[in-house]
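Working notes for the structure below.
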Amino acid sequence: MAIYMINGGVGKHIAFTALIDKLAEKGDVQMMTAYPDVFRHHPKVKASYSHEEPGLYDRVPRDTDIIFREPYYSPFVFAKTHLLHEWAKLLGIEYEGELPQWHSCKKWYREAKEVIKKIPKKKFIIVQFGGGQSPYDVNQPRIFIPQGQRRAYPLNMAQDFINQFTKAHPDIAVVNYSMVNEEYSHLGGCCVLNTAYWLYPELLKASMGFVGIDSSLQHMAAGVGVAGVVIWGATGPEQFGYPIHGNISNTTNHHMRPLCARFGDNKNADGSMWVDRDILSTAVSVEKLMEVTEAMLDMKLDKEETKGIAEDDCDCDDDCGEDCKCKGA
C-alpha cells in the first residue's frame, strides 16, 4: 500500500483527485495531507491522514511506501504543460484530461442545506476575487497578507463588477467565498457565509455558477461538474485550468476566440484549450467580465437552472470519527 503525500493549498489538493483513479489501478491509495477532508469520502482512497495527526507514523505499517512527488520542482515550472500532466508523469501514470473528483457525504449534505438557508435569495452565484490563504487560518488572530495582483482581481474592479451584477440581476444573490480576515470579504452587495470550505462543493451544485480567479473555488467547481468563469493573471488555464470553465485573461496567447459567443466550448479544432484574451488592459475589464458572466447565466437558464444539491453516495451519517464507514479517522 502507498501513502501519497501532498504539500500546498486546497486547490492543489483538489486537483490531485483527478489522478486517483489511475493511481488506484497500481494499488491501494492512502493520502497524507494538510487537507484530509478533500479525500475523506473518495471511494478509491483507503485512508486520509492529516500531517499533524499525533502518532501517525506509529500507526503506519513499516513496509508502506510513502510517495512524495512535487510538480513545482519539475519541468512544469516552464509553463509548457498542465500541472496534472507533469504530476502524473512524476507518479508513473498517464494524464488524459481527467477532471478532479469531489465526494461529499450525507452529513455535509445536510450542513450545506442549512447554510443555503442563510443566502437571502433562492438563486445565487459564488465569487472569489482573492486567494492564497489556508481556510484553516480563518479564526487565527492575524492579519491576512494578500498575494498582490498576480492572481487576484483588483479590489475596486471586483466591487464594480458586483455593483453592476446586482443591478442587472436583483433576483440573484452574490455569495463571497472570501474568509472573514481577507480584504475581499468586505466587498459590498454580497454575503460572506464563513462556513467550512468542504461545504462549498455542495453550494456550487445549488448555484447558478461562479466567478473566480485561479484558486480553490475553480478546482472545487470542476470536481462537481459546475461550469463558471475564471479570471487569469500571472498563471493560465494551460497550467492550472479546465476546459469545463470559461477562461479569460489579459495575457497574449495564440488561442483567440470570442468566449462569450461559445461559452464552455474552450477548445480549438485540434483539441487544445483556447482562451479569450483582452490585451488592452492591465486586468480583464469589468465590462468583459460582465459579458462572459451573462453568457454563463444564459447557458444555465437555457438548460436547467442548477444541478441541484443532492446527497452523494457516501453513507456517512455521523461526525466522521473512528466508527465512520468512511476513511481517514
* What are the two closest heavy atoms between Ile116 and Ala206, and how far apart are they? -> CD1-CB, 3.7 Å
* Roughly how far apart are Cys191 SG and Asn176 CG, rounded to 0.5 Å? -> 8.0 Å
* **side-chain contact (heavy atoms from CB on, under 4.5 Å) assessment of Leu217 paired with Leu204** => CA-CA 9 Å; Leu217 192 65; Leu204 281 161; 4.1 Å; yes
* To do: Check whether any side-chain N or O of His245 sits under 3.5 Å from a backbone N or O of Val229 as a donor-acceptor pair, and report yes or no.
  => no
* Do the side chains of His42 and Trp102 get nearer than 4.5 Å, heavy atoms only? -> no
* To do: Examine Lys12 relative to Tyr72 and say whether NZ or CZ is less than 6.0 Å from the centre of the six-membered ring and inside a 45° cone about the ring axis.
  => yes
* Asked: Heavy atoms, side chains only, cut-off 4.5 Å: are Val230 and Val211 in contact?
  -> no
* CG/Leu23 to CZ/Phe16 distance, rounded to the nearest 0.5 angstrom? -> 5.0 Å
* **Note, Trp198 side chain near Arg40 side chain (heavy atom, < 4.5 Å)** => no
* Are more than 12 heavy atoms from other residues, nucleotides or ligands located less than 6.0 Å from atom NZ of Lys118? -> no
* Please walk me through it: do Tyr200 and Ser216 pass side-chain hydrogen bond (donor to acceptor under 3.5 Å, both in side chains)? -> CA-CA 10 Å; Tyr200 269 92; Ser216 57; over 6 Å; no
* To do: Look only at the side chain of Thr64 and the backbone of Val60, and say whether a donor-acceptor pair between them is shorter than 3.5 Å.
  => no
* Report, as yes or no, whether the 6.0 Å neighbourhood of atom CD on Glu96 holds more than 12 heavy atoms from other residues, nucleotides or ligands. => yes
* Gln101 and Thr17: CA distance, side-chain angles, deciding distance, side-chain hydrogen bond (donor to acceptor under 3.5 Å, both in side chains) verdict -> CA-CA 6 Å; Gln101 299 178 30; Thr17 62; over 6 Å; no
* To do: Could you walk me through whether Val175 and Val127 pass side-chain contact (heavy atoms from CB on, under 4.5 Å), step by step?
  => CA-CA 6 Å; Val175 173; Val127 299; over 6 Å; no
* Are Glu25 and Lys22 close enough, and set up right, to give a salt bridge (charged side-chain N to carboxylate O under 4.0 Å, His left out), and what steps lead you there? -> CA-CA 5 Å; Glu25 293 175 3; Lys22 292 282 183 67; over 6 Å; no
* Asked: Are any side-chain N or O atoms of His51 and backbone N or O atoms of Ile6, one a donor and one an acceptor, separated by less than 3.5 Å?
  -> yes
* 4.5 Å side-chain heavy-atom contact, Ile3 and Asp65 -> no
* Asked: Are Pro100 and Tyr242 close enough that some pair of their side-chain heavy atoms sits under 4.5 Å apart?
  -> yes
* To do: Begin from the C-alpha positions of Lys89 and Glu94 and carry the test salt bridge (charged side-chain N to carboxylate O under 4.0 Å, His left out) through to its verdict.
  => CA-CA 6 Å; Lys89 283 174 56 179; Glu94 184 177 359; over 6 Å; no
* Quick one: closest heavy-atom pair of Ala112 and Leu203, and the distance? => CB-CD1, 3.9 Å
* Going through the distances and angles, do Tyr49 and Met5 end up as a side-chain contact (heavy atoms from CB on, under 4.5 Å)? -> CA-CA 9 Å; Tyr49 304 106; Met5 183 183 294; over 6 Å; no
* Asked: Just checking, any donor-acceptor pair under 3.5 angstrom between side chains of His169 and Glu294?
  -> yes
* **Within one Ile-Leu-Val-Met-Phe-Trp-Tyr cluster: Leu91 and Leu99, side-chain cutoff 4.5 Å** => yes
* Pair His103 and Phe39, ring centroids less than 6.0 Å apart -> no
* To the nearest 0.5 angstrom, please state how far the OH atom of Tyr177 sits from the SG atom of Cys190. => 15.0 Å
* Are Glu111 and Lys107 ion-paired here, with the side-chain N under 4.0 Å from a carboxylate O? -> yes
* Asked: Is the gap between the ring centers of Tyr95 and Trp87 under 6.0 Å?
  -> no
* Checking side-chain hydrogen bond (donor to acceptor under 3.5 Å, both in side chains) for the pair Asp214/Gln239: CA distance, chi angles, key distance, verdict? -> CA-CA 10 Å; Asp214 170 23; Gln239 300 167 279; over 6 Å; no
* Asked: For the residue pair His82 and Phe76, is the inter-centroid distance of their aromatic rings smaller than 6.0 Å?
  -> no
* Side-chain contact, heavy-atom cut-off 4.5 Å: Ile126 with Phe124? -> yes
* Lys205 NZ to Ser104 OG distance, which is reported to the nearest 0.5 Å -> 5.0 Å
* Spell out, yes or no, whether Tyr57 and Phe68 are grouped together once hydrophobic residues are joined by side-chain heavy atoms under 4.5 Å, including indirect joins. => yes
* Asked: If you take all heavy atoms of Ile213 and Ala152, which pair is closest and at what distance?
  -> CD1-CA, 4.2 Å
* **Ser207 (side chain) donor-acceptor with Gly209 (main chain) under 3.5 angstrom** => yes
* Minimum side-chain heavy-atom gap Tyr197-Tyr35 below 4.5 Å -> yes
* Structure fact -> In terms of heavy-atom contacts, Leu90 and Arg69 come closest through O-NE, 3.5 Å
* Is any side-chain heavy atom of Gln218 closer than 4.5 Å to a side-chain heavy atom of Phe210? -> yes
* Of all the heavy-atom pairs spanning Ile244 and Ala222, show the shortest one and how long it is. => CG2-CB, 4.4 Å
* Please walk me through it: do Thr33 and Ser48 pass side-chain contact (heavy atoms from CB on, under 4.5 Å)? -> CA-CA 7 Å; Thr33 164; Ser48 182; 4.1 Å; yes
* State whether Lys113 and Glu202 are salt-bridged, where the test is any N-O pair (Lys NZ or Arg NE/NH1/NH2 against Asp/Glu carboxylate O) under 4.0 Å. => no
* Asked: Given Lys121 and Asp171, is the salt bridge (charged side-chain N to carboxylate O under 4.0 Å, His left out) satisfied, shown in steps?
  -> CA-CA 7 Å; Lys121 298 167 186 175; Asp171 61 328; over 6 Å; no
* Structure fact -> Tightest non-hydrogen contact, residues Ser285 and Met157, listed as CA-CE, 4.1 Å
* Distance from Asp160 atom CG to Leu155 atom CG, nearest 0.5 Å? -> 11.5 Å
* Out of curiosity, Met299 CE to Met208 CE, how far, rounded to the nearest 0.5 Å? -> 12.0 Å
* Give the intermediate values and the outcome of side-chain hydrogen bond (donor to acceptor under 3.5 Å, both in side chains) for residues Gln30 and Tyr4. => CA-CA 6 Å; Gln30 299 182 89; Tyr4 295 92; over 6 Å; no
